[in-house]
Asker: 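I'd like to ask you about the structure that follows.
In this text the structure is predicted, and so the values were computed from the model without any measurement. Reckoned from all heavy atoms, side chains included, excluding hydrogens, waters and symmetry mates.
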Amino acid sequence: RAGIGSVFTILMPLSACAASPEVRTEVVALEGLTGLIVDDLELNRFILSERLSFWGVKCLQVCSASEALELLTDFRLEGRHLDFVVLDYQMPLIDGRELVQSIRAIPDYRTLPIVMLSSVEQAMSKTVRDGLEGCEIALKPLRASHLKQVLGRVLSLARKPVKQPI
């Protein structure tokens, strides 16, 4: 019944802090860029490809990490350019984290902008993020505006030097 029950009051003294700096995300033009989509699910590749194509991105799609590495090798040998990769965290055999590390091991792709999408919170953990410098991680489902924001951030990061492990 309404009005019957317990009322709890908690007092938490909090100290005021300085205002945090405003985070500005640079608006990045995606038109004319070439992106690689790596996901084992065809529907996910289709949705990402449709969205990116709408923004003027030329999309290449593969369904596994091994196919992605093969395509990157071909691109390198042919002197072709790739602007970014969007990949899934959960894939069979080689997951997204391992794929990012394999890509980073190729000298020509050490600073290639990479966005890793995940439907599981564990991809956000510090242990998973270790060794993934220059890679943005975003949780699915992802709205188009958030995808564009994440791509803008990772493309902006690519213009800055990435710390490499010694």
Asker: Once you round to the nearest 0.5 Å, how far does CD1 of Ile37 lie from CZ of Arg51?
Answerer: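 Answer for the CD1-CZ pair, Ile37 versus Arg51, is 12.0 Å.
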
Asker: Can you list, pair by pair, the side-chain donor-acceptor contacts under 3.5 Å of residues 75-83, counting residues two or more places apart and other chains?
Answerer:
from: Arg76; atom 1: NE; to: Asp108; atom 2: OD2; distance (Å): 3.4
from: Glu78; atom 1: OE1; to: Arg80; atom 2: NH1; distance (Å): 3.3
from: His81; atom 1: NE2; to: Asp83; atom 2: OD1; distance (Å): 2.7
from: Asp83; atom 1: OD2; to: Thr34; atom 2: N; distance (Å): 2.7

Asker: Okay, side chain of Arg153, backbone of Glu136: is any donor-acceptor separation there less than 3.5 Å?
Answerer: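 Answer holds: no.
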
Asker: Answer whether the closest heavy-atom distance between the side chains of Arg45 and Leu41 falls below 4.5 Å.
Answerer: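 A side-chain contact under 4.5 Å is absent here.
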
Asker: Once rounded to the nearest 0.5 Å, what's the spacing between atom CE of Met91 and atom CG of Asn44?
Answerer: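 The CE atom of Met91 sits 11.0 Å away from the CG atom of Asn44.
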
Asker: What distance do Ile103 atom CD1 and Thr111 atom OG1 have between them, rounded to the nearest 0.5 Å?
Answerer: 12.0 Å

Asker: How long is the gap from CG on Leu147 to CG on Leu52, to the nearest 0.5 Å?
Answerer: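 The CG atom of Leu52 is 5.5 Å from CG of Leu147, to the nearest 0.5 Å.
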
Asker: So, the side chain of Tyr89 versus the backbone of Arg97: is there a donor-acceptor pair under 3.5 Å, distance only?
Answerer: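 Not confirmed, Tyr89 side chain does not pair with Arg97 backbone.
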
Asker: Please evaluate residues Leu151 and Leu33 with respect to the criterion side-chain contact (heavy atoms from CB on, under 4.5 Å), reporting the C-alpha separation (whole Å), side-chain torsions for both, the decisive distance (0.1 Å), and the verdict.
Answerer: CA-CA 11 Å; Leu151 278 170; Leu33 298 182; over 6 Å; no

Asker: Kindly give the heavy-atom pair with the smallest separation between Cys135 and Met116, and that separation in Å.
Answerer: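 The answer is SG-CB, 4.1 Å.
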
Asker: Establish whether Ile106 and Val85 are linked, either directly or via other cluster members, by ILVMFWY side-chain heavy-atom contacts under 4.5 Å.
Answerer: yes

Asker: Do you know which two heavy atoms are closest between Asp95 and Glu98, and how far apart they sit?
Answerer: OD1-N, 2.8 Å

Asker: Mind listing the side-chain donor-acceptor pairs of residues 57-69 below 3.5 Å, one per line with the distance, residues two or more places apart or on another chain?
Answerer:
from: Gln61; atom 1: NE2; to: Ser49; atom 2: OG; distance (Å): 3.2
from: Ser64; atom 1: OG; to: Ser66; atom 2: OG; distance (Å): 3.2
from: Ser64; atom 1: OG; to: Glu67; atom 2: N; distance (Å): 3.1

Asker: Look at the side-chain heavy atoms of Ile, Leu, Val, Met, Phe, Trp and Tyr, link any pair under 4.5 Å apart, and say whether Ile47 and Leu117 land in one connected group.
Answerer: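 The answer is no; the residues belong to distinct hydrophobic clusters.
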
Asker: Restricting to non-hydrogen atoms, name the atom on Val38 and the atom on Leu99 that form the minimum distance, rounded to 0.1 Å.
Answerer: CG1-CD2, 3.9 Å

Asker: State the CG-CG distance between Leu87 and Asp40, to the nearest 0.5 angstrom.
Answerer: 11.0 Å

Asker: With sequence neighbours excluded, what pairs up with Ser53 under the side chain to side chain donor-acceptor pair (under 3.5 Å) test?
Answerer: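 In terms of side chain to side chain donor-acceptor pair (under 3.5 Å), with neighbours along the sequence ignored, Ser53 is linked to no residue.
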
Asker: Please test Phe84 against Leu36 for side-chain contact (heavy atoms from CB on, under 4.5 Å), starting from the C-alpha separation and ending with a verdict.
Answerer: CA-CA 6 Å; Phe84 64 87; Leu36 173 61; over 6 Å; no

Asker: Can you measure from CZ (Arg110) to CG (Leu112) and round to the nearest 0.5 angstrom?
Answerer: 13.0 Å

Asker: Going hydrophobic residue to hydrophobic residue with side-chain gaps under 4.5 angstrom, can you get from Phe54 over to Leu155?
Answerer: yes

